[in-house]
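Hydrogens, waters and symmetry mates play no part in the numbers below; they use all other heavy atoms, side chains included. Proteins come first, then strands; the chains are lettered A, B, ... in the order of their sequence lines, and each starts at number 1.
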Amino acid sequence: MLQVAYIRENKDFVIKALGKRKFADAEQVINQVLAIDESRRSAQQELDSLLAEANHLSKQIGGLMKQGDVAAAESIKAQTAEIKLKSKSLGDVQSSAEEELKALLYTIPNIPNNNVPEGASEDHNEVVYEHGSTPSLPSGALPHWELIKKYDIIDFEVGVKITGAGFPVYKGKGARLQRALVNFFLEEASKAGYMEVQPPIVINEASGYGTGQLPDKDGQMYHISEENFFLIPTAEVPITNMYRDVILKEQDLPVKNVGFTPCFRREAGSWGAHVRGLNRLHQFDKVEVVQIRRPEESYQALEEMCKYVQGLLEKLGLQYRVLNLCAGDLGFTSAQTFDMEVFSAAQGKWLEVSSVSNFETYQANRLKLRYQAADKKKQLLHTLNGSALALPRIVASLLENNQTEDGIVIPEILVPYTGFDRIN
RNA sequence: AGAGGAGUGGCAGAGUGGUCGAAUGCACUGGUCUUGAAAACCAGCGUACCGCGAGGUACCGGGGGUUCGAAUCCCUCCUCCUCUGCCA
């Protein structure tokens, strides 16, 4: 979340920046934040001096008791009653103001970076790079949801039986292709200097707040009510939360982690006629890269991560484009995001396969993730992450783009991982 | 899951109601000494909030309570250790 001190000092800028991302009532909310902050601070000042007085009197009582002057001690004790009463109610005022402030700050999204294009919706995202050309498909080319039936490699119906819609079963070469891709992505990430981690895929509430899924996306995560746990929507959550309440040392930086996890999303309300096959699932696999950087180098890291993801797509021989998301389409916690979209030839549409974001200090502030600079000052770090990559849509586009009359050709780079070069 | 024990600063570890934000040791930082290093010695060394500042407040696993006053007493939750049970 945004820092109150920052809002206080840059009020007009913050309002303008939130307006850019079409955050409703930015001015009113910010004014409310500042008003609550003001009352919180004055309550604290009053409370602090009251407590100082009470502490002082208590020490006097202690001294008198030691000397055995009970009468004098009792008379001072009488004075403390009123102070106690006052400080109790003032403490309530202060802590409720603090809670109110926090609750309000939780509803305010991050400020978009300067280079984020204006725009209200995904229609205004800027295509900043395109690579590759559309493959020429054989006549009678099929979309992936037909191909998976034809080759019997992914079964949606049996998934429906086991769980419900959006939980497919990968079978035979379908399962092996997926595993191969995961291994390929993890190997590549290791080579690029990311340390592999295997985090829990179930998280507690504090972790949900730490990276900003809560309270913003409450209804989007599967909830385990018994324990008040959530299934992760992305490995970003457990991996980034490893660094909650951590003060890193200069030599620990930069942090570069990679993790493979299944991801779970309820996708409440986002199902439509255009969503078919692997395009949108409740459970899918994803390899995620996370970086923690010094503020001054985070945008360089963002670029590096984008290049890394692009490299993966190129190695797989996929046609893709890079979008600089406009302010209105930016995720709640992000300061800037680049989406990578792969062209799915048989569907004739672009599929988002990666989203690479810089959260600046937005998550770090919630996480209390800081580092100690050379000058001894503690400073919030910048967190970044990106999909590298999300599996189902990669599978979908590989199936569609590489279909031939003799089956689906596996990209050469994957063959050592799959152990076969064709699905037929 | 049941029984017992324990959670204190980067680490180790003292502290069971009063000047304790917390002894001591190690680690770390600066200095003296030294050709240099080590050793020794001296000094410093938690976090957050409020305040222009002086300074104040809070924090001894989390939350709540008793008390004029809580690291210390009570309740509750969490975590770890030991034993028993169960289980991939």
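Put simply, the side chain of R280(A) reaches to within 4.5 Å of the side chain of R393(A), judged on heavy atoms. No side-chain heavy atom of E288(A) sits less than 4.5 Å from a side-chain heavy atom of T261(A). Counting heavy atoms from C-beta on, the side chains of I201(A) and P238(A) never come closer than 4.5 Å. Under the 4.5 Å side-chain criterion, counting only non-hydrogen atoms from C-beta, L323(A) is in contact with L325(A).
The side chain of K378(A) contributes no N or O atom lying less than 4.0 Å from OP1 or OP2 of rA48(B). Applying the 4.0 Å criterion to OP1 and OP2 of rC49(B), one finds that R41(A) has every side-chain N and O outside that range. Put simply, R8(A) has a side-chain N or O that comes within less than 4.0 Å of OP1 or OP2 on rC50(B). For rA48(B), the OP1/OP2 oxygens have no side-chain nitrogen or oxygen of K368(A) closer than 4.0 Å. OP1 or OP2 of rA48(B) has at least one side-chain nitrogen or oxygen of R370(A) nearer than 4.0 Å. Not one side-chain nitrogen or oxygen of N55(A) sits closer than 4.0 Å to the OP1 or OP2 atom of rU19(B).
Between E98(A) atom CD and rA58(B) atom C1' the separation is 10 Å, expressed in whole Å. One atom, CD of Q44(A), and another, C1' of rU57(B), lie 7 Å apart when rounded to the nearest Å. Q79(A) has its CD atom 14 Å from the P atom of rG69(B), to the nearest Å. Rounding to whole angstrom units, CG of residue D48(A) and C1' of rG53(B) are separated by 16 Å. Look at CG on L50(A): it is 11 Å from P on rU57(B), rounded to the nearest Å. Put simply, CD on Q94(A) is 13 Å from C1' on rG56(B), counting in whole angstrom units. Atom P of nucleotide rC49(B) and atom CG of D37(A) are separated by 12 Å, given to the nearest angstrom. Rounded to whole angstrom, the span from the CG atom of L90(A) across to the P atom of rC50(B) amounts to 16 Å.
Comparing rA40(B) with rG25(B), their P atoms are spaced 12 Å from each other, to the whole Å. Comparing the P positions of rA22(B) and rC59(B) gives an interatomic distance of 14 Å, to the nearest angstrom. Nucleotides rU8(B) and rG21(B), compared at atom C1', are 11 Å apart to the nearest Å. A distance of about 31 Å separates the P atoms of rG15(B) and rU84(B), rounded to the whole Å. Comparing the C1' positions of rC20(B) and rC60(B) gives an interatomic distance of 10 Å, to the nearest angstrom. Distance check on atom C1': rA3(B) versus rU19(B) gives 43 Å, rounded to whole Å. Comparing the P positions of rG56(B) and rG18(B) gives an interatomic distance of 22 Å, to the nearest angstrom. Using atom P as the reference point in both rU72(B) and rG63(B), the two lie 13 Å apart (nearest Å).
Side-chain atoms of Q45(A) stay outside donor-acceptor range of the base of rC50(B), with no qualifying N/O pair under 3.5 Å.
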Dot-bracket notation for RNA chain B is requested: 5' to 3', Watson-Crick or G-U wobble pairs only, both distances under 3.5 Å, with ( ), [ ], | and . as defined. ((((((((.[[[..)..(.....]]].(((((.......))))).(((((....))))).[[[[[..)....]]]]])))))))....
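Between L2(A) atom CG and I7(A) atom CD1 the span is 5.0 Å, to the nearest 0.5 Å.
In this structure, K173(A) forms a cation-pi arrangement with F420(A), its terminal cationic atom sitting closer than 6.0 Å to the ring centre and no more than 45° off the ring axis.
Contacts of L57(A) with the nucleic acid, taken as non-hydrogen atoms under 4.0 Å apart, are absent. S58(A) comes within 4.0 angstrom of a nucleotide base, judged by non-hydrogen atoms across all strands.
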Check the pair R40(A), D37(A) against salt bridge (Lys or Arg N to Asp or Glu O under 4.0 Å), reporting the backbone distance first and the verdict last. CA-CA 5 Å; R40(A) 182 195 120 251; D37(A) 177 49; 2.5 Å; yes
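A salt bridge does not link E146(A) with K149(A): none of the charged nitrogens is closer than 4.0 Å to a carboxylate oxygen. With respect to the salt-bridge test (charged N to carboxylate O, under 4.0 angstrom), the residues E157(A) and K161(A) do not qualify.
With RNA chain B read from its 5' end, the first of the two nearest nucleotides for I247(A) and S49(A) is the one closest to I247(A). Along RNA chain B, the nucleotide nearest to A52(A) and the one nearest to K84(A) differ in position, and the one closer to the 5' end is contacted by A52(A).
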